[in-house]
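The structure appears below as structure tokens.
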Amino acid sequence: MVNQEIARIFNEIADLLEIKGDNPFRIRAYRRAAQNIDGLPKDVAHLSEKELIEIPGIGQDLAGKIERYISTGKIEGYEDLKKEVPEGLAVLLTVPGLGPKTAQLLSSKLHIKDIAELEALAREHRLSGLPGIKDKTEENILKGIEMIKRGKERLPLGRVLPVANELLSLLREKAPLQGLALAGSLRRWKETIKDIDILATSGEPEKAMNAFVHLPMVKDVLMKGPTKSSVLITEGIQVDLRVVERESFGAALAYFTGSKEHNIRLREMAVKAGLKINEYGIFRESDNKRLGGEKEEDVYRLLGLPYIPPELREDRGEIEAALKGTLPRLLEIEDIMGDLHVHTKRSDGSHSLDELIKAARDRGYKYIAVTDHTKGLGIARGLNEEKILEEIEEIKAVNKKLRGFRLLTGAEVDIRSDYTLDLPDEVLKQLDFVAASVHSGFRQSREQITKRLVSAIRNPFVSVIAHPTGRLIGERDAYEVDLEGVFREAKDAGKAIEINAYPLRLDINDVYAKKAKEMGIPIAISTDTHVLNQFDFMEYGVSIGRRGWLEKSDVINTMGTENLLKWLKKARSAGGHRRS
DNA sequence: GCCGTTTTCGGCCCGACTGTTTTCAGTCG
């Protein structure tokens, strides 16, 4: 999509304007526009000017710039701006702690053009002596460069959350802190995380901060104050701890949870209502009287809004919905009745049916679908026709003995590069549940891969498309695919789309989940469990669903067993008509 | 550059920490 390209250019324009010292609100406008275009599930190339202006943060001017970029490939002013700012200078802004003012200074005095030069000069202590720069600043610049070299700025949620929870329990044990809570993008369940934000109250903040910066995994202390400290831990993750008074805890939690854009919107509303919101509370502007802040709900209540769950706080329309009273009633983990993507040791899973049944029942589930890989996936010991039929027989036998729980016969069939499935219809039609997914040929063209998914959807026996984009967060990009086109087909054929809850997948993501909901496509949230404790991944999937504004009724595995089986049957007959 | 049931012009969120500073600018979130 051209969206990401435009977002990149708008962000670069913001960088360049920042170095020039331009109007900060203009800079903010470019960044906001970039963010909203980036997160848009529609290709801006296909939008009219009127539709562009409906995107928050896009006005007459930027809409025109986008339109002309689509037709001419150029964004006016951008080239001129690049000429005004020395080549490569914007790159310096990627060094943490180094902002536009310092970049400008380094460029004008020392003509530094890239990070390599900056590093060399800092090592030779040639930066010291510039106005406002001494040894310590030099040291911090080198530290910042080290952080860049260490690589990835954002880590997958699934890698960070376990570390964060471990940190919490350690802090509970070692520091005089109360009410410890995760905040920031972790609390919003964003799919990648830049740092771990922790909020707490304490009667002895100084002592608590000391305990924090001396935790065993702390590698470096970035800053340390009485109410806020930041450290770098061994995994290379930054951890911020903020300590506030109890009466401010709710306001601080709202502030520290973000997103920044959501908070800005709230604070703007507050100003208009004669209020002031900061991390200490909600105050009346006229006499600074505290109106609330102990509970997070206070913030929303005093603005006349219903409580907005953290997963929605991205300034993607949740404030408008709250004002109109149309916030979704979000899906809860307790709504999930079963898992529709589970592997056994017959293919590449690790457990028997009995072990899986017990684990699922322990979670209160009513059913699981057994979806072993099929023969196309040799590497995962995929099952051939004979073995699948064998498994069906075994499941039928097990089901006869079960009370209040049901195994669905199923498979995760491979969608081959030649647009066919790797099991014949005669076998598929004997299964309760068929997930179809792509495991190879990722480099095919957008048209080819889209056609593969569409062909699978048009097979009457397919129930759901699993991990529809094939991405592995931080490891492998999604293949090129027209998901919107795939969604339209799924809508016509009455099929579901999966949110794969495996933490490195989270596929489809929140933005497309919202899109699917808007298009009326049923969603299955499934864990792709290979080992028992991976059933716990459901929490990640539900959170992606919540970030996508999903309600219980949008998700098929919130249905009871009978209703689900009915739905599956209907998906078959609906799909059958579309057979091509 | 965006945006408006108080505005089509004049606003635009708010505070902590650091380093280099005699009172604050820069950066970050």
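Quick caveat, the model's predicted, so the values are computed rather than measured. A note on names: the letters A, B, ... follow the listed sequences, proteins ahead of strands, and every chain is numbered from 1.
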Side-chain atoms of A:K65 come closest, of B:dG1, B:dC12, B:dT18, to B:dG1
For the pair made of CD in A:Q60 and P in B:dC2, what is the distance, rounded to whole Å? 9 Å
For atom CG of A:D197 and atom P of B:dA16, their distance in whole Å: 16 Å
When you measure from the side-chain N and O atoms of A:K228 to the phosphate of B:dT18, is any distance below 4.0 Å, counting only OP1 and OP2? no
Counting only side-chain heavy atoms from C-beta out, which of B:dG19, B:dG1, B:dC13 sits nearest to A:N140? B:dG19
Could you tell me if A:R313 sits above the aromatic ring of A:Y307, with its cationic atom closer than 6.0 Å to the ring centre and no more than 45 degrees from the axis? yes
Between A:I58 and A:T102, which has a closest nucleotide on DNA chain B that is more 5'? A:I58
Will you find, in the side chains of A:D240 and A:Q238, an N or O donor that is under 3.5 Å from an N or O acceptor? yes
Presence of A:K134 side-chain N/O under 4.0 Å of B:dT21 phosphate oxygens OP1/OP2: yes
Name the nucleic acid region contacted by A:L266, choosing base, sugar-phosphate or nothing; use a 4.0 angstrom heavy-atom cut-off, strictly under. nothing
Distance test, side-chain N/O of A:N263 to OP1/OP2 of B:dC13, below 4.0 Å: no
Modelled atom types, side-chain donor and acceptor of A:E318 and A:H262, under 3.5 Å: yes
For the side chain of A:A29, starting at C-beta, report the closest nucleotide among B:dC2, B:dA16, B:dC13. B:dC2
Side-chain atoms of A:I264 come closest, of B:dC13, B:dG29, B:dT27, to B:dC13
Contact under 4.0 Å: A:R32 side-chain N or O vs B:dC12 OP1/OP2: no
Should the side chain of A:N23 and the base of B:dG1 be counted as holding a donor-acceptor pair, with the cut-off at 3.5 Å? yes
Of the candidates B:dC17, B:dC2, B:dC14, the side chain of A:V271 sits closest to B:dC14
Under 4.0 Å: is that the gap between some side-chain N or O of A:R26 and OP1 or OP2 of B:dG1? yes
Less than 4.5 Å apart, any side-chain heavy atom of A:Q534 and any of A:Y502? yes
Separation of the P atoms in B:dT18 and B:dC13, to the nearest angstrom: 26 Å
B:dT21 and B:dG26: how far apart are their C1' atoms, nearest whole angstrom? 12 Å
Could you work out the separation of B:dT20 and B:dC28 based on their P atoms and round it to a whole Å? 16 Å
Nucleotide nearest A:L62 (side chain, heavy atoms from C-beta), chosen from B:dC2, B:dC13, B:dA16: B:dC2
Side-chain atoms of A:K276 come closest, of B:dC14, B:dC17, B:dG1, to B:dC14
Considering just the side-chain nitrogens and oxygens of A:T137, establish if one lies under 4.0 Å of OP1 or OP2 belonging to B:dT20. yes
Under 4.0 Å, counting only non-hydrogen atoms across every strand here, what does A:F256 touch: a base, just sugar-phosphate, or nothing? nothing
Upstream residue (5' side of DNA chain B) when A:M223 and A:G59 are each assigned their closest nucleotide: A:G59
Which part of the nucleic acid, if any, lies within contact of A:I27, taking any heavy atom under 4.0 Å across all strands shown: a base, the sugar-phosphate backbone alone, or nothing? nothing
Measure the distance from CG on A:D315 to P on B:dC3 and round it to the nearest whole Å. 11 Å
C1' gap between B:dT23 and B:dC12, integer Å: 27 Å
Atom pair distance, as rounded to whole Å: NZ in A:K260 and C1' in B:dC28: 8 Å
Side-chain H-bond candidate by donor/acceptor type, A:S48 with A:E51, under 3.5 Å: yes
Check whether any side-chain heavy atom of A:S128 sits under 4.5 Å from a side-chain heavy atom of A:D135, and report yes or no. yes
Proximity to the side chain of A:D195 - top-ranked nucleotide from B:dG26, B:dG29, B:dC12: B:dG29
Using a cut-off of 4.0 Å on non-hydrogen atoms, how would the nucleic acid contact of A:K272 be classed: base, sugar-phosphate, or nothing? base
Would a distance-only check, ignoring hydrogens and angles, find a side-chain to backbone donor-acceptor pair under 3.5 Å from A:N263 to A:L266? no
C1' atom, B:dT7 versus B:dC2: distance in rounded Å? 14 Å
Given B:dC17, is OP1 or OP2 found less than 4.0 Å from the side-chain N or O atoms of A:S230? no
As its Watson-Crick or G-U partner within any shown strand, both distances under 3.5 Å, B:dT8 has none
Touch class at under 4.0 angstrom, heavy-atom based, for A:R265 against every strand present: nothing
If the cut-off is 4.0 Å, is A:Y280 near the phosphate of B:dA16, judged by side-chain N/O to OP1 or OP2? yes
Look at all strands and tell whether A:P100 reaches a base, only sugar-phosphate, or nothing, counting heavy atoms closer than 4.0 Å. sugar-phosphate
C1' atom, B:dC14 versus B:dC9: distance in rounded Å? 25 Å
Could you measure between the two C1' atoms, the one in B:dT8 and the one in B:dG1, and give it in whole Å? 14 Å
Given atom CD1 of A:I133 and atom C1' of B:dT27, what is their separation to the nearest angstrom? 13 Å
Think A:N278 has a side-chain N or O under 4.0 angstrom from the OP1 or OP2 of B:dC13? no
Close side-chain approach of A:L330 to A:L312, heavy-atom, < 4.5 Å: yes
Assigned chi class of B:dT7 under the 90° convention is syn
Quick check for you: among B:dC2, B:dT27, B:dT20, whose closest atom lies nearest to any side-chain atom of A:K136? B:dT20
